[in-house]
Amino acid sequence: MITNKVVEKKLDAWFKRNPHVATMERIQYMFETEKLFENEPNAIRYGHSLDYILSKISVPVDPEMEIVGEMIMRLPTEEEKNNIVKEYTRWWNIPLEERHKQILFYYSEGWLRCRPYWFFSLGHLALDWEALINEGFAGLKKRAEDRLKNSCNKEQKEFLEGAIICYDAFSKFYKRYADEARKNNRDDIADNLEQVSEGPALTFAQALQQIWLLVMIVQKICGCGVLNYSRMDKYLRPLYEQDIKSGKLTKEHAVSLLEEFFYRNNEIMAQTDHMSLDTDTTKETLEVAFDDPNYLTLGGLNADGSSAVCELSFVMLQAAWNLKIRCPFIVVRYHEGIDKDFWKLCCDAMRDNATVVIYNDETMIPALKYFNVDSPEVYDYGFWGCNDPNIPAYEGGLRQLWMNLLKPLELALNEGDYPMQPKPENYSTDCEFSLEDRMIGLMTGPYYGLKTKPLDEIKTMDDFLEIYESQVEYLISEFRKGFEKDFAIEQKNTFGKIRIEDCFLKGTIENAVTWSEGGTKYHKIVAQGCGLSSTINALYAIEKVVFIDKKLKLSQLAEILRNNYEGHEDLHLYLKNKIDKFGNDIEAVDKYAKIVTDIFIRAIDKYNGPQYLYQMWPTYSTDRDFTLMGSFVGATPDGRMAAEALSENQSPDEGTDLSGTTAMLNSLSTVPFNRITGGPLNLKLHPSAVKGEDGLEALAALFKTYMQNGGMQLQINVLDSKILREAQKNPDKYRSLCVRVTGYSAFFVEMGKKAQDEMIKRTEHMGA
């Protein structure tokens with residue numbers, strides 16, 4: 001239950017807000033900067049654009065809130081909307097190759113429409129929060145000024161000058177807010193804002209205020225969303241304990257402040273679901289970072305082996321549970337010996353559908369070390385959406401590959417060809433991954449592989465696995481080849497540019513270069529392994545039908561799959577319903593979890609190394625793209641028809657885990673997660689299964705056992721499908737119904753009909 005009644009009232013009003021409102025001031029002033037500073041060098045232009053917007057945008061001070069900072073929003077007229085869309089279209093109605101030179105990558109068309117090329121960021125990172133609260137903008141600015149005194153080329157000088165303009169712009173904006181607070185007789189708020197306008201935070205409340213205004217600016221003005229707040233209970237602990245000891249703060253007041261802080265994070269989000277592209281609120285938004293959740297890490301091991309769980313961990317978790325909203329997304333880090341009361345509180349909040357997930361230090365830290373993350377920073381790992389790993393402040397933003405693990409299996413069954421669109425005789429390409437696929441990160445359309453030996457020459461399952469591995473390795477090598485080609489182009493076009501996050505990362509100012517070109521210590525490509533369960537099931541089906549039972553030759557099976565089981569409906573039903581599947585604690589099937597992972601990691605390892613700036617970090621994740629990725633894969637041996645969805649994230653194929661939750665988790669624990677750096681497991685439980693104190697104890701024990709057995713992550717929805725169906729029929733009654741989706745949370749009634757039906761179907765399957 002929310003303790004801060006002001007927040008409760010405002011949250012209720014937020015749910016009723018028109019979802020089409022926009023920050024019209026930001027849009028207007030952004031348009032004005034295009035001509036005002038177009039002749040300036042890139043980084044200087046960026047800094048002056050930010051300064052111009054922050055000098056003009058409104059600074060409303062809410063008379064009821066202790067943490068101030070909000071964007072003025074209103075509904076645009078139809079004429080305004082059309083004019084804005086026209087400008088957005090003008091910015092990006094350029095050839096793909098020109099987009100690449102301007103912004104490097106973009107993941108989705110929807111992310112482009114509100115972000116101009118001269119003022120661009122996609123976020124997905126953690127800022128150096130500790131440097132911010134300990135040094136303030138003045139301290140950060142001094143770093144840039146000191147670096148400017150050393151040897152710099154022209155581009156480095158411009159980069160640092162742009163950063164200095166940005167720091168000054170932040171300071172002036174904070175002071176404008178302080179002046180406005182003073183006018184409104186909010187001297188306490190004004191004092192806090194004046195302190196953090198340049199200097200470090202001296203109290204817990206000042207730190208929350210300082211962080212919030214920065215986040216509001218970088219997300220809603222600069223478009224730098226999906227932030228990782230990192231281990232906030234750790235770096236705010238000294239201020240919290242100091243204020244508690246001095247009597248400036250009570251635990252109850254801290255909860256109230258955090259409820260405000262968390263509400264502010266949710267307030268700037270649009271009432272929509274960014275992955276539901278079929279909804280008007282998503283298709284037509286005029287906003288940057290319109291549905292970008294922020295992530296906040298609690299607990300975990302410290303570098304000295306001690307636990308970071310403290311009183312502030314409890315306070316933060318309780319505040320998040322009180323609100324049960326989308327943002328921030330709370331990540332609790334499990335480790336052996338975790339405080340029992342904290343663990344119980346965590347499981348209780350998850351049982352009540354708070355936005356809380358669990359990650360396992362016992363697998364994550366070894367995995368990150370395997371991919372050469374050093375101590376002590378490896379112990380501060382966190383996440384940004386959707387469940388992708390992040391080393392806070394030491395790396396930049398989103399670069400990714402969604403590696404469809406069924407693609408190479410299909411290639412292995414077709415001697416390197418793609419049956420849905422066989423290779424043309426005159427086929428030629430520099431890279432199997434098109435430029436668009438490399439920029440977005442997906443694998444769409446036809447992909448062709450290595451020419452491998454005829455299927456009738458493959459005599460054992462081990463022989464087939466060698467062929468499969470050769471195709472996995474080939475596709476990874478093609479991606480690496482294309483990526484390095486892109487990077488060479490980027491290096492010619494990006495030096496001297498700056499993004500807002502460059503002002504708040506370790507290394508960018510010291511090296512006087514943006515993170516994307518080498519400013520930070522770590523540079524990663526999140527290599528998402530997709531369709532894990534589908535791939536495991538397909539491999540086991542081949543072994544069972546071809547090499548154990550000898551029902552078919554491999555070539556016969558491949559021909560049947562090429563024809564999408566036409567004329568072989570009985571075989572299709574047998575493979576779909578009678579062959580054992582992953583998720584049921586069956587060793588013969590589950591062994592392929594390690595086999596697939598080993599193959600995937602060996603391919604990644606082969607194309608990582610010191611010769612590359614960017615290193616691939618493997619995860620198992622599909623986000624919500626398992627349907628799209630499946631549409632480009634033909635029929636597979638597990639009984640999946642052509643173009644059907646892949647398995648979702650780390651979950652078993654839909655409807656195939658028939659032996660209960662414990663059996664499913666036992667299967668998942670056979671994945672060697674100590675070499676996998678992220679990804680979600682969506683678990684659905686019926687409320688009756690976890691009811692009462694006994695239910696809570698059972699849930700806590702189940703989760704702990706999974707972590708001890710080597711599991712990596714858990715996120716749950718405890719819902720009866722009847723409630724979801726009722727919410728579809730009467731959305732106004734269920735505005736606050738928050739569900740875990742893949743690696744983020746959404747309010748159920750804001751999801752598109754397709755996504756809602758999908759969740760209902762999966763929830764019904766899990767049952768009581």
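All values reported here derive from a predicted model rather than from experimental measurement.
At a threshold of 4.5 Å between non-hydrogen side-chain atoms, the residues Arg438 and Leu401 do not count as touching.
Using modelled atom types, one finds no donor on one side chain facing an acceptor on the other under 3.5 Å when comparing Asn414 with Glu410. Tyr620 and Thr597 share a donor-acceptor pair across their side chains, judged by distance under 3.5 Å alone. No side-chain donor from either of Asn584 and Asp657 sits under 3.5 Å from a side-chain acceptor of the other. For the residue pair Asp388 and Gln528, a side-chain donor N or O sits within less than 3.5 Å of a side-chain acceptor on the partner. Using modelled atom types and a 3.5 Å distance limit, the side chains of Thr444 and Asp437 yield a donor-acceptor pair. Donor-acceptor pairing under 3.5 Å is lacking for the side chains of Asp590 and Thr670. No donor-acceptor contact under 3.5 angstrom links the side chains of Asn387 and Tyr295, judged on distance only. Side-chain atoms of Ser555 and Asp456 include a donor-acceptor pair closer than 3.5 Å. Under the 3.5 Å distance criterion, with hydrogens and angles disregarded, a donor-acceptor pair is assigned to the side chains of Asp638 and Thr636.
Atom NE2 in His572 sits 6.0 Å away from atom OH in Tyr565 (nearest 0.5 Å). Considering CG of Asp462 and CD1 of Ile467, their distance stands at 12.0 Å, rounded to 0.5 Å. Note that the CG atom of Leu575 and the CG atom of Leu561 stand 8.0 Å from one another [nearest 0.5 Å]. Here CG of Leu413 is found 8.5 Å from CZ of Arg562. Values are rounded to the nearest 0.5 Å. Between atom CG of residue Leu539 and atom CG of residue Leu465 there is a gap of 6.0 Å, rounded to the nearest 0.5 Å.
Taking both residues in full, the closest heavy atoms of Met350 and Val357 are given as CE-CA, 4.3 Å, listed atom of the first, atom of the second, then distance. The shortest non-hydrogen separation linking Pro672 to Ala593 is CD-O, 4.1 Å.
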Kindly determine whether Phe632 and Asn404 satisfy side chain to side chain contact (heavy atoms under 4.5 Å, CB included), including the steps that lead there.
-> CA-CA 10 Å; Phe632 296 103; Asn404 187 334; 5.7 Å; no
Does the pair Arg399 and Val526 meet the rule for a side chain to side chain contact (heavy atoms under 4.5 Å, CB included), with working shown?
-> CA-CA 6 Å; Arg399 309 209 73 160; Val526 183; over 6 Å; no
Kindly determine whether Lys591 and Glu543 satisfy salt bridge (Lys or Arg N to Asp or Glu O under 4.0 Å), including the steps that lead there.
-> CA-CA 12 Å; Lys591 69 181 181 182; Glu543 181 186 24; 3.1 Å; yes
Take Arg602 and Glu473 through the test salt bridge (Lys or Arg N to Asp or Glu O under 4.0 Å) and record every step on the way to the result.
-> CA-CA 8 Å; Arg602 282 197 292 268; Glu473 184 181 301; over 6 Å; no
Salt bridge (Lys or Arg N to Asp or Glu O under 4.0 Å) between Asp653 and Lys581, intermediate numbers included | CA-CA 8 Å; Asp653 268 303; Lys581 297 291 194 293; over 6 Å; no
Residues Glu415, Lys453; criterion salt bridge (Lys or Arg N to Asp or Glu O under 4.0 Å); working and verdict = CA-CA 6 Å; Glu415 300 174 25; Lys453 61 185 177 183; over 6 Å; no
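With respect to Lys594 and Asp598, a salt bridge is recorded, a charged nitrogen being found less than 4.0 Å from a carboxylate O.
With Arg480 contributing its side chain and Tyr607 its backbone, the two residues share a donor-acceptor pair below 3.5 Å.
A cation-pi arrangement is absent between Lys481 and Phe433, since the terminal nitrogen or guanidinium carbon is not both under 6.0 Å from the aromatic centre and inside a 45° cone about the axis.
Each of Leu475, Leu450, Asp417 was compared with Leu411 under the side-chain contact (heavy atoms from CB on, under 4.5 Å) criterion, and only Leu475 meets it.
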